[in-house]
There are 2 protein chains.
Amino acid sequence: MMATKEKILDTAERLIASQGFAATSLRQIISEAQVNLAAVHYHFGSKEELLDQLILRKVTRVNQEREALLDTFEREAGGDPVAVDKILAAFFQPMIEAGCRNPQFVRLMGRLIAEGLIPSIAERHFQPTTTRFIAALRRALPNLSEGELFSRVQFMFGAMSHTVGGLALPVTQIHGDGADFQTMMLRLMAFLGAGMNAPATKEIQMEVQQ
Amino acid sequence: MMATKEKILDTAERLIASQGFAATSLRQIISEAQVNLAAVHYHFGSKEELLDQLILRKVTRVNQEREALLDTFEREAGGDPVAVDKILAAFFQPMIEAGCRNPQFVRLMGRLIAEGLIPSIAERHFQPTTTRFIAALRRALPNLSEGELFSRVQFMFGAMSHTVGGLALPVTQIHGDGADFQTMMLRLMAFLGAGMNAPATKEIQMEVQQ
DNA sequence: GTCTATACTGAGATAGAC
DNA sequence: GTCTATCTCAGTATAGAC
């Protein structure tokens, strides 16, 4: 029966979204899903690979929508570079919509990010999409060195991760104004747009003049 | 003997900086430090509290320097608000210097950030300093709503954390240009300065007009 | 191919003797 | 303060039933 695999995935998703990955034991998952412990290792191999499947199931669609939106903007632009604001919109809009449709999506991703599990596990799921967006940004910001562009993309991921992660933590509710997911993302896009368009730093000169 | 406590702290710091927190077992620490397992629980209570002491020992000085630098800039400004760039400099300079003096500091913090341990453990060590800097930013950016200011501070922490965390991960070395800590921080300050100074979003109007 | 029962190894934590 | 011995619980591995 394939129902076992689905039961495990659904139960794990719910528990991890509400408690976090480390705090959710396989024994709790199998207890609530009413399956056997070894079935988890039969279907997934390990706890980490179970998580991997979970993430894959969630982010595939969002990343497809991201690339599709970027495609649209690139067609509209003809041969010209797509504006930074549009690139950011193509990246964030699909995530905002997924988050508004399904709040558990935000909680789950937030939990995993807060536990530092995304870089090690989900990065390969994001890799192709990331490459596409970096290429678009490189054309939109030709004055930036390769290194500085990569750095800024890293800043973008950091700000986004920390924000989504923060939404799953009780700490953030204390500070801030308790803004919802969509509001935070709109604020983030404004912030990142300005940061991306900032003048390049003068680091090379410092090394050359010495 | 108080030497036991110090031996545990020093050994734990070295091992955690190179392997991470989760991958470093108490049994490995006590083996290399040549102390007994129960001594760790006697002196610290738990593995988490050991980490807490470790972080405290590291960040106290940096945060003092941050506040001292902000004090200086505020005195120089008389009653006027301190410029955003100076506030950012007051925040990042002490960390850059600490990182250049002691590379293990960057590795340790990077590891912990990458594992998602900073929000849950070290936040209270940063709380007073953070409050001071938010107050300074509020004066420098009076056109921002309270909520949007908090959000931008969160973006700043996210970008910073992810960058420092990334420096401890092998993944980042693949992309990017392998820039050193100081270069990354300078790029980050330029990025954040522009982001902080971005125009406010128009979220309130949307709610009011409905 | 799917699943069950059970055992194994290593982790952090604790009680109590010294 | 320190140490031995032990406890509980985690993820994992295997043997074998259907």
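Side chains are part of it too, since the values below use all heavy atoms of this structure and drop only hydrogens, waters and symmetry mates.
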Whole angstrom value for the distance that separates P of D/dT4 from CD1 of B/I30:
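Roughly 10 Å, once rounded to whole Å.
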Pairing residues for B/I134 by the side-chain contact (heavy atoms from CB on, under 4.5 Å) criterion, not counting sequence neighbours:
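B/I134: side-chain contact (heavy atoms from CB on, under 4.5 Å) contacts with B/T130, B/R138, B/L149, B/F150, B/V153.
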A/T129: what forms a side-chain hydrogen bond (donor to acceptor under 3.5 Å, both in side chains) with it, not counting sequence neighbours?
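Applying side-chain hydrogen bond (donor to acceptor under 3.5 Å, both in side chains) to A/T129 gives A/E67.
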Mind checking side-chain hydrogen bond (donor to acceptor under 3.5 Å, both in side chains) for B/R124 and listing every partner two or more places apart, or none if nothing turns up?
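B/R124 satisfies side-chain hydrogen bond (donor to acceptor under 3.5 Å, both in side chains) with B/D52 once adjacent residues are dropped.
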Are any of B/Y42's side-chain N or O atoms less than 4.0 Å away from OP1 or OP2 of D/dT2?
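False: B/Y42 side-chain N/O out of range (4.0 Å or more) of D/dT2 OP1/OP2.
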Just N and O in the side chain of B/H43: are any of them under 4.0 Å from OP1 or OP2 of D/dT2?
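For D/dT2, OP1/OP2 do have a side-chain N/O of B/H43 under 4.0 Å.
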Mind checking B/A39 for me? I need base, sugar-phosphate or nothing, with any heavy atom below 4.0 Å counting as a touch.
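Result for B/A39 = nothing.
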Encode nucleotides 5-14 of chain C as B, S and - characters from 5' to 3', where the letter depends on protein heavy atoms closer than 4.0 Å: B to the base, S only to sugar-phosphate, - to neither.
B-B---BBBB
If the condition is ring-ring contact (aromatic ring centres under 6.0 Å, His included), which residues does B/F44 pass it with, not counting sequence neighbours?
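For B/F44, no residue satisfies ring-ring contact (aromatic ring centres under 6.0 Å, His included) once neighbours in sequence are set aside.
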Salt bridge or not between A/R152 and A/E148? Use side-chain N to carboxylate O under 4.0 Å.
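Between A/E148 and A/R152 there is a salt bridge, with a charged N closer than 4.0 Å to a carboxylate O.
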Can you list the residues that meet the salt bridge (charged side-chain N to carboxylate O under 4.0 Å, His left out) rule with B/R61, with sequence neighbours excluded?
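Counting only residues at least two positions away or on another chain, B/R61 forms a salt bridge (charged side-chain N to carboxylate O under 4.0 Å, His left out) with B/E65.
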